[in-house]
**Student:** 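Structure in structure tokens, see below.
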Protein chains: 2
Amino acid sequence: MDTTFPDLRQYGGADAFLEACKPRAILDMLTGKWSTLVMGALLDGPRRFNELRRMLDGITQKMLSQTLRALERDGIVTRTVYPTIPPRVDYELTPLGRSAGGLLMAIADWSNQHADDVFAARRAYDERAAEPVQPVLPKIPI
Amino acid sequence: MDTTFPDLRQYGGADAFLEACKPRAILDMLTGKWSTLVMGALLDGPRRFNELRRMLDGITQKMLSQTLRALERDGIVTRTVYPTIPPRVDYELTPLGRSAGGLLMAIADWSNQHADDVFAARRAYDERAAEPVQPVLPKIPI
DNA sequence: CAGGATCCCCCTTGATACTG
DNA sequence: CAGTATCAAGGGGGATCCTG
């Protein structure tokens, strides 16, 4: 095995990402279609509900409030209600949320470095799949 | 805004994770229920199909072959067919795949450091939700 | 303004059976 | 051994309507 890359086995290999384990839960937390976008929208500071809705063009109220509730539950954002009329609610990243932003940064970093490779591999694979079927090799008896 | 954490805005904030953008595609690639497990199972070297199936207890043939095909398409694993009888197929991580393993490592790292905070926040939130409803504050006219 | 409640659809996952 | 094909189920996500 080449040693160009760090030995990941210290993290437990496949076991490190079993459904019941923590990295899986974290991955699921970041995985929602909108979670990353909401966190990204909060990087500059607190935002109000409809402010977020405008920033995340295309999100529905349901998904926005659902995503915000999940992030609040996970300690990623705080929800501050001002008992004014009309009501005002601010959402803001917690320190933990900003730390999670660092994780997103790592993903974006990796993506900047390797996404093109992935897409190139994808194109190559799809082209190969479009080619005519290769003739069957003569069977070699054991 | 505190500067304890790196400024993520250089990555484009929410825009950096829009559906059409690359980090989103990479996240989706890692996100599949079995992708991380398969990659983890391949860290030690090449594996055969049924070998992986045994390692990933609970995975169905369908999901395993589906996951492997997706990873092959993305250039994460290679598929090597030996035209013997019975047939033998080896799957192995590519350099790109091992690099992606580094990304998983970053996630596992963050998880080791912060997952407990997330779970604690989650418990606290759920307990608050179980409490009796707070009395409604008297409305303060504008 | 900030959501809650509903209905619905599609896509992923799973179970089962069959094949080269 | 290494898959593919088919069918059934469940949940995430979206559209819409309603409320304090």
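Just so it is clear: chains get the letters A, B, ... in the order the sequence lines come, proteins before strands, and each one is counted from 1. Note that these values count all heavy atoms, side chains included, but never hydrogens, waters or copies made by symmetry.
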**Student:** Give every residue pair that meets the side-chain hydrogen bond (donor to acceptor under 3.5 Å, both in side chains) criterion with at least one member in residues 62-73 of chain A, sequence neighbours excluded.
**Tutor:** A:Arg73-B:Asp126
**Student:** So, do A:Thr36 and B:Arg24 sit near enough that their side-chain heavy atoms are less than 4.5 Å apart?
**Tutor:** yes
**Student:** Mind calculating the distance between CG (A:Asp90) and P (C:dC1) to the nearest angstrom?
**Tutor:** 14 Å
**Student:** What heavy-atom pair brings A:Leu93 and A:Met39 nearest, and what distance separates the two atoms?
**Tutor:** CD1-O, 4.0 Å
**Student:** For the pair B:Thr31 (side chain) and A:Thr31 (backbone), establish whether a donor and an acceptor sit closer than 3.5 Å, ignoring hydrogens and angles.
**Tutor:** no
**Student:** From CD1 of B:Ile59 over to C1' of D:dG3, roughly how many Å is that when rounded to an integer?
**Tutor:** 13 Å
**Student:** Taking the nucleotide of DNA chain D with the closest heavy atom to each, which residue, B:Arg48 or A:Pro87, is nearer the 5' end?
**Tutor:** B:Arg48
**Student:** Quick one: does B:Met29's side chain get under 4.5 Å of B:Ile76's, heavy atoms only?
**Tutor:** yes
**Student:** Once you round it to whole Å, what is the distance between P of D:dA2 and CG of B:Leu52?
**Tutor:** 9 Å
**Student:** Atom CG in A:Leu30, atom CG in A:Leu71: separation rounded to 0.5 Å?
**Tutor:** 9.0 Å
**Student:** Tell me which one of A:Arg48, A:Arg47, A:Arg53 satisfies side chain to side chain donor-acceptor pair (under 3.5 Å) with A:Glu51.
**Tutor:** A:Arg47
**Student:** Return the minimal non-hydrogen interatomic distance between B:Ile107 and A:Leu103, and the atom names on each side.
**Tutor:** CA-CD1, 3.9 Å
**Student:** Within the sub-3.5 Å range, which N or O atoms of nucleotides 5-13 of chain D have a protein N or O partner, and how far apart are they?
**Tutor:**
residue	atom	partner	partner atom	Å
D:dG13	OP1	A:Lys33	N	3.2

**Student:** Report the distance from atom CG of A:Leu64 to atom C1' of C:dA2, rounded to the nearest whole Å.
**Tutor:** 10 Å
**Student:** Base, sugar-phosphate alone, or nothing: which one does A:Tyr91 contact when heavy atoms must sit under 4.0 Å apart?
**Tutor:** sugar-phosphate
**Student:** Using Watson-Crick or G-U wobble pairs with both distances under 3.5 Å, give me DNA chain C in dot-bracket, 5' to 3', with [ ] for crossers and | for pairs to another strand.
**Tutor:** ||||||||||||||||||||
**Student:** Any ring pair (Phe, Tyr, Trp, His ring centres under 6.0 Å) involving residues 107-127 of chain A? Give me the pairs, sequence neighbours left out, ordered by first then second residue.
**Tutor:** A:Trp110-A:His114
**Student:** Sequence neighbours left out, what passes side-chain hydrogen bond (donor to acceptor under 3.5 Å, both in side chains) with A:Ser111? Give chain and number order.
**Tutor:** none
**Student:** For the pair made of CD in A:Gln61 and C1' in D:dA15, what is the distance, rounded to whole Å?
**Tutor:** 9 Å
**Student:** Tell me which residues in residues 69-78 of chain B lie within less than 4.0 Å of DNA chain D, going by non-hydrogen atoms.
**Tutor:** B:Arg69
**Student:** Quick check: do B:Leu52 and B:Leu68 have side-chain heavy atoms less than 4.5 Å from each other?
**Tutor:** yes
**Student:** Between C1' on C:dG4 and CG on A:Asn50, what's the gap in Å once rounded to a whole number?
**Tutor:** 15 Å
**Student:** Using atom CD of A:Glu51 as one end and atom C1' of C:dG3 as the other, report the distance to the nearest whole Å.
**Tutor:** 16 Å
**Student:** Distance check needed: C:dG14 P versus B:Asp57 CG, whole Å only.
**Tutor:** 13 Å
**Student:** Phosphate oxygens OP1/OP2 of C:dT13: is one of them under 4.0 Å from a side-chain N or O of B:Thr60?
**Tutor:** no
